[in-house]
Amino acid sequence: MKLIVQKYGGTSVKDTERIKAVAERVVSCAAKGNNVIVVVSAMAGETDKFVKFAGEITDNPNEREMDLLLSSGERVTSALMTMAIQELGYESMSFTGRQVGIITDSSHTKAMIDRIEADRIKAAIKENKIPVVAGFQGINELSDVTTLGRGGSDTTAVAIAAALKADLCEIYTDVDGVYTTDPRVVPEARKMDKISYDEMLEMASLGAKVLHGRSVEFAKKFNVPMVVRSSYNDSPGTLVTKEDGDMENIVVTGVAQDKNQARITIMRVPDRPGIAATLFESIAEANVNVDMIVQNISSDDKATDISFTVSTAEGPKALEVAQKVSDKLGAQGVNMNPEVAKVSIVGVGMQSHFGVAATMFETLSKAGVNIMMISTSEIKISCVVDMNQSELAVKELHKVFDLAKQ
Ligand code: ADP
Ligand code: ASP
Ligand code: MG
């Protein structure tokens, strides 16, 4: 008897018809003799609706209240899914993050899971009940509700699979698996049969929203076999797994874009030791994650520009902190460009091939795409570009690295 965690995303449970269809899928897996744990997202659009409501009330919503608000969408689906499974004659029981015992830190709206006290779901399985868990949420040590960051239900599923040593974690979504790039942007994108944890981790953290980055981190760390599949058909999907020999032969595996970026520049900061430390300590204290950083060489040895990127949502907060630091240090001023995107190429094979960066830059230049910032690691190269040119950049890179369907 196998233990399988199945996670269903927002479009897979977008209305009651879909919830009933998913319940059939769950029950058919259980009927084959498997123990199934279901993790659900909110119905498509619900979480966005809550964010919009908050924005209609305040420009600066309190993050603790935001988490309680956002977590409610997943509760609705978990109760409805449980009823749908019960209707098919199976025993089932819903669980909120708190009831599962998902304990997180206190970084509201982007909390990290510390541990899972899974006693109640274990007991439910023993009693032959199918547990249906509300994804995306946990509680902190004070028992306040926290959420795991947008797209975080994937992480709930993999964390539960790791904690219960499940045989498989299936992520059901609205595409057939992981593609070489977002198939909605490049229709020629090719579905991969498998992808390494490391490449998937990069793709996810660079904007391929098909999986939440933290879910892949968990899967890699605890060796959870993970499959991304469609909830609309029976095709086998994409296996996310350990790297194997074949994977090194492919130079670039995929292209990702993240439009959820803002660039902040502090102009003419005095060029002396300790300036970057002061700035980024203040940003970290405000609980904002900084992604890329570029510091220009000063032309006159007196002052320099420092630019960095953050997520769009954290832009205003980061700008406020940067403004204060700029005043304190006597810099010329601060500006924010929220119209930027990050375009990246990913591949483990890059480590052993030359000229990949040159090809990327040349391709962007030929397409008339201006590169504002660059960052690299062993298996990825990212460029910050104008948001309006991001999709063109993705299409051209997908073409030049020959990633389309064979
Ligand atoms: P769910 O609601 O099931 O969690 P998401 O909307 O979070 O689904 O993720 C699925 C979407 O991810 C797809 O519809 C697709 O547009 C997008 N996507 C982006 N990059 C990729 C990629 N490389 N492969 C597959 N899908 C991708
Ligand atoms: N409902 C949440 C979101 O829209 C979490 C998820 O779907 O994974 O971000
Ligand atoms: Mg998702």
Would a distance-only check, ignoring hydrogens and angles, find a side-chain to backbone donor-acceptor pair under 3.5 Å from Thr312 to Gln261? yes
Please answer whether the main-chain N or O of Met192 pairs with a side-chain N or O of Thr238 as donor and acceptor at a distance below 3.5 Å. yes
Is any side-chain N of the basic residue among Lys380 and Asp198 closer than 4.0 Å to the acidic one's carboxylate O? no
Counting only heavy atoms not in Asp59, do more than 12 sit closer than 6.0 Å to its CG atom? no
Should His108 and Asp144 be marked as a side chain to side chain contact (heavy atoms under 4.5 Å, CB included) after you check the CA-CA gap, both sets of side-chain angles, and the distance that decides it? CA-CA 9 Å; His108 282 292; Asp144 285 336; 4.2 Å; yes
Do NZ/NE/NH1/NH2 and the carboxylate oxygens of Lys220 and Glu217 come within less than 4.0 Å? no
Against the six-membered ring of Tyr232, is Arg18 placed for a cation-pi contact (under 6.0 Å from the centre, within 45° of the normal)? yes
Is there side-chain contact between Lys302 and Pro270, with at least one heavy-atom pair below 4.5 Å? no
Val310/Met336 under side chain to side chain contact (heavy atoms under 4.5 Å, CB included): CA gap, chis, key distance, verdict: CA-CA 10 Å; Val310 295; Met336 176 164 82; 5.9 Å; no
Do the side chains of Lys191 and Asp193 get close enough for a salt bridge, i.e. N-O under 4.0 angstrom? yes
Is a side-chain N or O of Gln389 found less than 3.5 angstrom from the main chain of Gly368, in a donor-acceptor match? yes
Salt bridge Glu24-Lys20, side-chain N to carboxylate O under 4.0 Å: no
The residue among Val36, Ile130, Leu164 that forms side chain to side chain contact (heavy atoms under 4.5 Å, CB included) with Ile125 is Leu164
Test salt bridge (charged side-chain N to carboxylate O under 4.0 Å, His left out) applied to Asp174 and Arg184, Arg229, Lys14, the passing residue: Arg184
Taking Ser311 for the side chain and Asn260 for the main chain, is one N or O donor matched with an acceptor at less than 3.5 Å? no
Checking the side chain of Glu339 only, and the main-chain atoms of Asn388 only, is there a donor and an acceptor separated by less than 3.5 Å? no
Looking at CD of Glu378 and OG of Ser352, how far apart are the two atoms once the value is rounded to the nearest 0.5 Å? 10.5 Å
Please evaluate residues Val185 and His398 with respect to the criterion side chain to side chain contact (heavy atoms under 4.5 Å, CB included), reporting the C-alpha separation (whole Å), side-chain torsions for both, the decisive distance (0.1 Å), and the verdict. CA-CA 11 Å; Val185 176; His398 197 264; over 6 Å; no
Can you name the nearest heavy-atom pair linking Ala161 to Val224, along with the distance? CB-CG1, 3.8 Å
Heavy atoms of Tyr90 and Ala31 approach each other most closely as OH-CB, 3.5 Å
Thr147 vs Asp67, test: side-chain hydrogen bond (donor to acceptor under 3.5 Å, both in side chains). Steps then yes/no. CA-CA 6 Å; Thr147 61; Asp67 269 349; 2.5 Å; yes
NZ/NE/NH1/NH2 to OD/OE distance under 4.0 Å, Asp291 and Arg263: no
Which heavy atom of Ser382 sits nearest to which heavy atom of Leu206, and what is that distance? OG-CD2, 3.6 Å
Please check this pair: side chain of Thr155 against backbone of Ser215, looking for a donor-acceptor N/O pair closer than 3.5 Å. yes
Which heavy atom of Asn289 sits nearest to which heavy atom of Glu314, and what is that distance? N-OE1, 3.2 Å
Under-4.0 Å salt bridge between Lys49 and Glu56: no
Taking the six-membered ring for Trp, are Phe218 and Phe222 parallel (under 30°), tilted (30 to 60°) or perpendicular (over 60°)? parallel
Counting distance only, does the side-chain N/O of Ser282 pair as donor-acceptor with the main-chain N or O of Val321 below 3.5 Å? no
Distance col, row Thr363:OG1 vs Lys399:NZ, nearest 0.5 angstrom, shows 10.0 Å
Do the ring planes of Phe280 and Phe308 sit parallel (below 30°), tilted (30 to 60°) or perpendicular (above 60°)? perpendicular
Where is the tightest heavy-atom contact between Glu199 and Val348, given as atom of each residue plus distance? OE2-N, 2.9 Å
Looking only at non-hydrogen atoms, find the nearest pair between Val5 and Ala166 and report the distance. CG2-CB, 4.0 Å
Exceeds 12 heavy-atom contacts within 6.0 angstrom, atom NZ of Lys110: yes
For atom CZ of Arg64, is the number of surrounding heavy atoms from other residues, nucleotides or ligands below 6.0 Å larger than 12? no
Apply the side chain to side chain contact (heavy atoms under 4.5 Å, CB included) test between Lys7 and each candidate in Thr156, Val39, Ile37; give the one that qualifies. Val39
Salt bridge flag under 4.0 Å for residues Lys317 and Glu63: yes
Begin with the C-alpha distance, continue with both residues' side-chain angles, and end with the deciding distance and a verdict on side chain to side chain contact (heavy atoms under 4.5 Å, CB included) for His212 and Ser153. CA-CA 8 Å; His212 193 234; Ser153 295; over 6 Å; no
Within a 6.0 Å radius of atom CE on Met112, are there more than 12 heavy atoms belonging to other residues, nucleotides or ligands? no
